[in-house]
Amino acid sequence: MNLSVYCFRYMVAGRDLIAGSIILAELPLVVGPCNGSKVQCLGCYQTLDETYLYSKCNCGWPICSSTCPGIGHAFGHTEEECAILKDSKSSQNFDYKDFDNFKENYNAVAPLRCLLLKEMDSKKYEKILSMENHNEIRRNIPELWNLNQTTVVDKIRKDWGLVEFSEDEIHSVCGILEVNCFEVGHNISIRGLYPSAFLMSHDCVPNTNHSDEENNFKLTVRASMDIHTNQPITLSYAYTLQGTLRRREHLLENKFFECRCKRCSDPAELGTYTSALICPKCNIGLVLSINPLDNDSSWTCNNKCTKPDKKCPGYTVTAKSMQLLISRIQSEIDSIDPNDVETMEKFLDKYRNVLHPTHFLCLGVKLSLSQLYGKITGYLLHELPDDLLYRKMEICREILKIFDTVEPGLTKIRGVTLYELHAPLMILTSRQFETQSISKSILKHRLKEVVKYLEEAGLILSYEPDNSSEGIMGKAAKDALLKIKDWGKIIGRI
Ligand SMILES: C[S@@+](CC[C@H](N)C(=O)[O-])C[C@H]1O[C@@H](n2cnc3c(N)ncnc32)[C@H](O)[C@@H]1O
């Protein structure tokens with residue numbers, strides 16, 4: 001661990017680490033529902049609705065069933081928690097005919113679980129209290145502080161009568177959860193605090209990848225690329241496929257710091273142009289922020305050409321106008337049905353002269369398309385005509401180039417996209433081989449390419465839990481690899 005004036009404590013490599021090596025694997029100190037979550041089973045975190053009206057725990061809180069494996073489990077609904085929630089009559093005002101009415105209570109569950117450790121496991125509690133809470137900043141954000149006051153502090157102290165926990169203590173725990181939690185779980189919305197993983201600092205181009213196990217939420221962090229001794233070990237607290245403005249906004253609002261990493265400092269975002277617009281004046285240059293570390297900075301065309309037929313007459317736009325334009329286009333994307341391939345393609349076509357092809361708004365749509373082609377009714381892989389197989393390949397290659405920069409190495413998103421890329425290439429190749437429209441040497445070359453994609457996808461996705469969608473894909477990659485190798489042997493003999 002090192003210290004810095006910017007980010008206080010941060011984890012560094014104690015020795016050279018090669019890509020794929022495990023940096024840490026640890027169980028959580030605590031897990032619980034995320035803020036703003038729906039009503040969920042306190043044992044297994046499955047979302048519940050009014051059909052679970054009659055399924056209640058002794059404490060009166062709804063559960064999925066009396067045989068839920070998470071009841072009495074250390075990372076589920078413990079006996080101690082159940083007794084406290086029962087004694088405090090915490091569920092007396094729950095209206096079981098309308099689950100929405102009491103979902104706010106779930107905001108207080110994870111904080112309560114931290115607080116209960118004070119008595120039950122003081123070492124774990126001390127560890128939690130040693131984490132950053134950013135109270136000095138959060139106290140000055142009324143919407144956040146007041147929401148915690150009403151939905152957590154007052155809930156625990158006034159409604160549930162647990163006055164042994166002070167207001168300050170509860171606010172600190174809320175801050176610690178906001179700043180340090182990992183979102184974990186598969187198809188459920190929960191957060192967990194981990195004893196050492198919290199020390200990883202943020203970078204918009206992270207050098208680790210992590211996954212968690214389904215039953216005990218054990219977190220495994222691996223190096224996604226080679227990391228040298230003393231280099232920081234980082235993860236991205238923000239979604240890497242967002243533009244700088246959005247990522248920095250998220251980090252400031254949720255993690256309370258201003259990111260100044262290499263990617264954020266570069267208007268071209270390391271050559272990915274994930275925030276660039278095409279200049280409407282010259283149609284040649286790209287419109288980029290003059291100073292991406294200043295959210296109020298104007299954006300201008302980067303075309304410096306002086307030739308009369310190519311030069312830009314000059315184009316500058318204010319930060320506010322840029323933000324308005326981006327939110328307007330974002331709402332258009334949000335209104336698209338997540339399975340509507342045609343409308344997504346129409347969107348890309350509509351904005352092809354406005355947004356750079358790798359603008360984050362296009363990337364999101366392209367990432368969806370890379371997975372929808374081949375998956376949904378009307379677009380199943382073996383039914384796709386050649387032009388759509390080529391389209392799937394084109395999209396996968398285009399987005400992979402960006403992932404190579406912003407999520408380089410052995411990362412889930414690269415693994416999934418490599419798997420998506422192998423499939424159309426394989427089908428096209430076998431179709432063309434059957435119609436004898438490719439030579440044996442092209443066939444061999446293509447098979448080699450497919451094998452390369454599958455090997456890397458198989459390796460990356462083997463790090464994911466077996467029953468997660470990525471783990472299943474990893475297994476499919478390995479099976480496909482075996483089949484292709486057999487095929488390769490047959491072809492070798494032809
Ligand atoms: C999960 S904690 C990381 C551990 C923390 N540095 C500590 O000493 O407890 C997240 C906090 O670390 C700091 N931090 C992490 N990465 C940072 C970065 N790239 N630049 C500035 N601050 C950072 C911020 O204060 C952030 O809210």
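Counting starts at 1 for both ligands and their atoms, in listed order. Position 1 is the first residue of the sequence; numbering continues from there. Since we're looking at a predicted model, the values are computed, not measured. In what follows, every heavy atom counts, from backbone to side chain, and hydrogens, waters and symmetry copies are set aside.
- A salt bridge is defined here as a Lys NZ or Arg NE, NH1 or NH2 lying under 4.0 Å from an Asp or Glu carboxylate O, and Arg414 with Asp404 meets this definition.
- Close approach of ligand 1 to Glu132 (heavy-atom distance below 4.0 Å) involves ligand atoms 9 (O).
- For the pair Asn180 and ligand 1, the shortest N or O to N or O distance does not fall below 3.5 Å.
- Checking Arg138 against Asn133 by side-chain atom types alone, no donor-acceptor pair falls below 3.5 Å.
- Nearest to atom 1 (C) of ligand 1 by heavy atom, out of Phe256, Phe198, Tyr10, is Phe198.
- Here the shortest heavy-atom distance to atom 25 (O) of ligand 1, taken over Lys255, Arg9, His134, Glu258, belongs to His134.
- Here the closest heavy-atom approach between residue His171 and residue Asn135 is recorded as O-OD1, 3.8 Å.
- Ring centers of His250 and Tyr237: at least 6.0 Å apart, outside the cut-off.
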